[in-house]
Every structure is written in C-alpha cells, then in structure tokens.
Amino acid sequence: QVQLVESGGGLVQAGGSLRLSCAASGSIGSFNTMGWYRQAPGKQREWVATITRGESTNYADSVKGRFTASRENGQNTMYLQMDSLKPEDTAVYSCTARRDSSSPRYWGQGTQVTVSS
C-alpha cells in the first residue's frame with residue numbers, strides 16, 4: 001500500500017498564498033498521474049489539478065492561473081502552490097496518485113485550507 005501525506009494547510013486571508021505538499025512513501029516516479037482534489041463543506045469532492053509523470057498539468061477552471069502543481073521526483077513529493085486565495089477555496093485538500101489508468105487511486109488524509117475574507 002502506498003502512503004500519501006499532505007501538509008501545508010492553514011488559515012490565510014483572501015489574497016494570500018499557501019503551498020501544499022504531498023509526500024509519498026516511495027518514489028513518485030512510479031506514478032503516471034498525481035493530482036489534487038478538494039472538498040468544501042456541503043459540497044462534493046471536486047478535482048483541482050493533475051500533473052503527469054512528464055509534468056504536464058491540467059487545472060480546474062476555478063483555480064487556473066492561481067494554482068500551480070509540480071512534482072519533485074527526487075524528493076518523492078508533489079506540491080500545490082496556491083496564490084491569490086479566495087474564501088471559496090476553503091476546503092480539505094487531498095492528494096492522489098495512480099500508476100496507470102487501470103490501477104487503484106491512492107489518497108492522502110487531507111489538509112485543511114481556510115481562507116478568510
């Protein structure tokens with residue numbers, strides 16, 4: 001079983017920044033796809049960003065231009081740099097990873113991000 005552990009969440013004011021980290025128990029080079037999801041109170045979990053092994057990225061429209069996903073394979077860590085945060089970004093953010101499209105997706109426990117107005 002793969003373990004993913006998020007960190008870096010916290011409380012920030014609107015317009016501020018946070019950088020989330022997702023550390024894997026093994027080499028993240030084995031994962032074709034990694035990404036971030038979030039779940040706000042009263043809402044379904046939504047996809048935020050995806051980054052492939054080749055470091056191509058995709059973002060939800062709601063965060064595009066403000067969030068940047070990255071991978072540092074040598075550190076076995078994925079990051080989500082969040083800038084220009086808005087109150088509607090408040091959610092529990094979880095990282096996820098899978099080796100290929102037919103493999104199970106692994107999840108971290110999540111880290112709380114709260115953005116005050």
Side-chain angles (χ1 to χ4, degrees):
Q1 286 289 317
V2 174
Q3 184 179 32
L4 303 174
V5 180
E6 303 95 338
S7 62
L11 173 64
V12 299
Q13 293 185 338
S17 298
L18 285 173
R19 188 180 73 159
L20 305 184
S21 299
C22 174
S25 60
S27 174
I28 65 171
S30 65
F31 296 115
N32 283 347
T33 305
M34 300 185 71
W36 294 91
Y37 285 74
R38 67 186 182 187
Q39 187 167 23
K43 300 184 67 176
Q44 295 186 7
R45 180 178 290 174
E46 65 176 336
W47 167 73
V48 175
T50 298
I51 183 166
T52 69
R53 187 166 56 193
E55 299 189 68
S56 64
T57 55
N58 288 288
Y59 301 94
D61 288 342
S62 59
V63 306
K64 191 173 182 64
R66 300 187 297 118
F67 291 11
T68 304
S70 61
R71 295 171 65 148
E72 295 187 4
N73 293 347
Q75 299 293 322
N76 296 321
T77 303
M78 177 179 64
Y79 301 96
L80 184 68
Q81 177 68 42
M82 305 185 295
D83 298 319
S84 301
L85 283 162
K86 304 175 181 179
E88 52 262 46
D89 295 319
T90 295
V92 174
Y93 285 72
S94 300
C95 66
T96 186
R98 69 179 184 184
R99 291 186 170 86
D100 55 62
S101 61
S102 64
S103 298
R105 187 182 295 276
Y106 298 98
W107 293 90
Q109 291 296 109
T111 185
Q112 176 71 48
V113 171
T114 302
V115 184
S116 62
S117 59

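Being a predicted model, the structure only gives us computed values, none of them experimental. The analysis underlying the following values was restricted to heavy atoms, covering all of them including side chains, and did not include hydrogens, waters or symmetry mates.
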J.: Tell me every residue that passes side-chain contact (heavy atoms from CB on, under 4.5 Å) with Asn58, counting only those two or more places apart in sequence or in another chain.
T.: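 Checked Asn58 against side-chain contact (heavy atoms from CB on, under 4.5 Å); matches are Trp47.
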J.: Does Thr52 have any side-chain hydrogen bond (donor to acceptor under 3.5 Å, both in side chains) partners at least two apart in sequence or in another chain, and if so, which?
T.: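 With sequence neighbours excluded, Thr52 shows a side-chain hydrogen bond (donor to acceptor under 3.5 Å, both in side chains) to Ser56, given in chain and number order.
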J.: How far does CZ of Arg19 sit from CD of Gln81, to the nearest 0.5 angstrom?
T.: 7.0 Å
J.: State, to 0.1 Å, how close Ala97 and Leu4 come at their nearest heavy-atom pair, and which atoms those are.
T.: N-CD1, 3.9 Å
J.: Taking all heavy atoms of Ile51 and all of Ala69, pick out the closest pair and write down the distance.
T.: CD1-O, 3.7 Å
J.: Any side-chain heavy atom of Tyr106 sitting closer than 4.5 Å to one from Phe31?
T.: yes
J.: Taking all atoms of both residues into account, what is the closest heavy-atom pair of Ala14 and Ser117, and its distance?
T.: CB-CA, 4.4 Å
J.: Looking at Gln39 and Ala91, would you say the former's side chain and the latter's main chain have a donor-acceptor pair under 3.5 Å?
T.: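 Not at all, since once roles are kept as given, no pair shorter than 3.5 Å links the two residues.
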J.: By salt bridge (charged side-chain N to carboxylate O under 4.0 Å, His left out), which residues pair with Glu72, not counting sequence neighbours?
T.: none
J.: Once side-chain contact (heavy atoms from CB on, under 4.5 Å) is applied, do any residues pair with Val113, and if so which ones, sequence neighbours excluded?
T.: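 With neighbours one apart ignored, the set is Leu18, Leu20, Met82, Tyr93, Val115.
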J.: Checking Asp83 side chain against Ser17 main chain: does a donor-acceptor pair fall under 3.5 Å?
T.: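 A pair under 3.5 Å: no.
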J.: Taking the side chain from Glu46 and the backbone from Arg38, do they hold a donor-acceptor pair closer than 3.5 Å?
T.: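 Not at all, since once roles are kept as given, no pair shorter than 3.5 Å links the two residues.
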J.: Is the shortest side-chain heavy-atom distance between Met34 and Cys95 below 4.5 Å?
T.: no
J.: Taking all non-hydrogen atoms of both residues, which atom of Thr111 and which atom of Glu6 are closest, and how far apart?
T.: CG2-CB, 3.9 Å
J.: Enter the distance from Arg71:CZ to Thr57:OG1 here, rounded to the nearest 0.5 Å.
T.: 12.0 Å
J.: Do Tyr37 and Val92 make a side-chain contact, defined as non-hydrogen atoms from C-beta onward lying under 4.5 Å apart?
T.: no
J.: Listed by chain and number, what are the side-chain contact (heavy atoms from CB on, under 4.5 Å) partners of Thr77, not counting sequence neighbours?
T.: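 By the side-chain contact (heavy atoms from CB on, under 4.5 Å) rule, Thr77 matches Ser21, Ala23, Gln75, Tyr79.
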J.: Quick one: are Tyr59 and Arg66 in side-chain contact, heavy atoms under 4.5 Å?
T.: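 No, every pair of side-chain atoms sits at 4.5 Å or beyond.
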J.: Which residues pass the side-chain contact (heavy atoms from CB on, under 4.5 Å) test with Asp100, sequence neighbours left out?
T.: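 Testing Asp100 for side-chain contact (heavy atoms from CB on, under 4.5 Å), a comparison that skips the adjacent residues, returns Asn32, Ser102, Ser103.
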